[in-house]
Each structure stands twice: as structure tokens, then as C-alpha cells.
Chemist: 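I'd like to ask you about the structure that follows.
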Amino acid sequence: MATTNLSSYDKATIPNANSFRFGIVVSEWNPEITQNMHKGAIETLIDCGAKQENIISWEVPGSFELVYGCKKMIETQNVDAIIAVGNVIQGETKHFDFVCDGVTQGIVDLNIKYDTPVIFCVLTDNTKQQSIDRSGGKLGNKGVECAVAAIKMAALRQI
């Protein structure tokens, strides 16, 4: 279980995001979770200097489709970093494992193949309450944490 607030960051340790273009690919599945993380990511990017017009958001049906959505965004949108936002909650079947493994490996593959960092902002929780707690609830918002990571990786990409 997370022990720190996912929404805590020190702007003094983060590069200014003014010159970067960001992509966010968001799963439509579990929208009460994914939309909160999407909102947290956008607010954080803007708080750290990103311009609203330099943030591109696309929706895909589910977490499994995040990989293809991110691939198409890399190939067509000239972004400096992408945040893949999704949520998978454990059920009674192995579907959870297959989706989590596929999305994780797919995002790893994108990070290896392309020179655009893709940030893994996919909650993989045992219960809906755990996802609520990590998407704007008592543990903060994973979207905030991933926006900070996207800024840092966009800066690293320029080296």
C-alpha cells in the first residue's frame, strides 16, 4: 500500500514545462478513476509551466488499447512525452493479469522502440476503493505524480 501522497511535488526540482508538448492517452474504462487522474495530470503540467494548447488528450476504450493509442500519438503528434492513463481492478478471472501484463509490456516496448517517453499511469488495484484513494482520494492522485515524471523525462529527452 502506498505510504506517501502521490500528489506531493516540489516545483523547485522540476524543469519548467513551458517549451514541451505533452500527450495524454486516457482509457474510457472506469471513467470515475481515469478522468480524475487525467485532470490531475493536466493541472500539474499547467502548474509546472506547460501551455494548455501544448497538451493533447485522446481517449481509447480501455487500458489494453492505451498502447496503440500511445503509438499513434508518438507517430503523429510530435510530443515530448506521453502519459498513458488507465485503471484495471482485480476481478474473479485471469483477465486482470492478462490486461496488466499486456499494457505493462506494451508501454515498455514503446519506450524501447521510440525516442518519446511514455509514462505508465495505470492503476492496477485489488479494489475500486484502492483506485479511488489513488486517483484524487486520501493517497493523492497518480496523475499528478505521472505528470511530474513526464516533465522530467521530456527534459531528459533533450540531452
Chemist: Hey, could you give me the CD/CG distance between Q35 and N87, rounded to the nearest 0.5 Å?
Modeler: 12.0 Å
Chemist: Could you tell me whether the side chain of D125 and the main chain of S131 form a donor-acceptor pair under 3.5 Å?
Modeler: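 Yes; at least one donor-acceptor contact below 3.5 Å.
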Chemist: Between atom NZ of K71 and atom CG of D109, what is the distance when rounded to the nearest 0.5 Å?
Modeler: 12.0 Å
Chemist: For E28, which residues count as a side chain to side chain donor-acceptor pair (under 3.5 Å) partner, sequence neighbours excluded?
Modeler: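 Result, side chain to side chain donor-acceptor pair (under 3.5 Å) vs E28: none returned.
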Chemist: I'd like to check the side chain to side chain donor-acceptor pair (under 3.5 Å) partners of Q129; sequence neighbours left out, ordered by chain and number.
Modeler: D133
Chemist: Side chain to side chain donor-acceptor pair (under 3.5 Å) with K39: which residues, sequence neighbours excluded?
Modeler: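 None.
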Chemist: To which residues is Y9 joined in a hydrophobic cluster, defined by side-chain heavy-atom contacts under 4.5 Å among Ile, Leu, Val, Met, Phe, Trp and Tyr, whether direct or through other members?
Modeler: I14, F20, F22, I24, V26, I33, M37, I42, L45, I46, I55, I83, V85, I119, L123, I132, V144, V148, I151, M153, L156, I159
Chemist: Can you name the one residue among N36, V122, L6 that meets side chain to side chain contact (heavy atoms under 4.5 Å, CB included) with K142?
Modeler: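 The option that passes is L6.
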Chemist: Are Y114 and V108 connected into the same hydrophobic cluster when the rule is that any two of I, L, V, M, F, W, Y join if their side-chain heavy atoms are below 4.5 Å apart?
Modeler: no
Chemist: Specify the closest pair of heavy atoms between A84 and I107, including all atoms of both residues, with the distance to one decimal.
Modeler: CB-CD1, 3.7 Å
Chemist: Are F120 and V103 packed together at the side-chain level, in the sense that at least one heavy-atom pair is separated by less than 4.5 angstrom?
Modeler: yes
Chemist: Do any N or O atoms from the side chain of R134 and from the backbone of L139 form a donor-acceptor pair under 3.5 angstrom?
Modeler: no
Chemist: Only counting residues at least two apart or in another chain, list the ones meeting side chain to side chain contact (heavy atoms under 4.5 Å, CB included) with F96.
Modeler: V88, Q90, C100, T124
Chemist: Kindly give the heavy-atom pair with the smallest separation between S63 and G86, and that separation in Å.
Modeler: OG-CA, 3.5 Å
Chemist: Find out whether V118 and I74 are in side-chain contact, i.e. whether some heavy atom of one side chain is under 4.5 Å from a heavy atom of the other.
Modeler: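 V118 reaches I74 side chain to side chain.
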Chemist: Can you tell if the side chain of I56 reaches within under 4.5 Å of the side chain of W58, non-hydrogen atoms only?
Modeler: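 Yes - at least one pair of side-chain heavy atoms lies under 4.5 Å apart.
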Chemist: First locate atom SG of C70, then atom CD of Q77, and finally report the distance between them rounded to the nearest 0.5 Å.
Modeler: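 Interatomic distance, C70 SG to Q77 CD, rounded to 0.5 Å: 12.0 Å.
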Chemist: Could you pull out all residues at least two apart from E43 that satisfy side chain to side chain donor-acceptor pair (under 3.5 Å)?
Modeler: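 Residues passing side chain to side chain donor-acceptor pair (under 3.5 Å) with E43: none at all.
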Chemist: Taking a hydrophobic cluster as the set of Ile, Leu, Val, Met, Phe, Trp and Tyr residues connected by side-chain heavy atoms closer than 4.5 Å, whether directly or through intermediates, do V99 and I89 fall within one such cluster?
Modeler: no
Chemist: At their closest point, which heavy atom of A81 faces which heavy atom of A154, and how far apart are they?
Modeler: CB-CB, 4.2 Å
Chemist: Might you point out which heavy atoms bring T13 and D10 nearest each other, and give the distance in Å?
Modeler: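 For T13 and D10, the tightest heavy-atom pair comes out as OG1-O, 2.7 Å.
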Chemist: What heavy-atom pair brings F98 and F64 nearest, and what distance separates the two atoms?
Modeler: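 Here F98 and F64 meet closest at O-CE1, 4.3 Å.
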Chemist: Quick one: does R21's side chain have a donor or acceptor within less than 3.5 Å of a partner on N78's backbone?
Modeler: yes
Chemist: Quick check: does any side chain N or O of E65 sit under 3.5 Å from a backbone N or O of P61, one acting as donor and the other as acceptor?
Modeler: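 Judged by distance alone, no pair lies under 3.5 Å.
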Chemist: Locate the shortest heavy-atom distance separating D80 from P117; write the atom from each residue and the value.
Modeler: O-CD, 3.2 Å
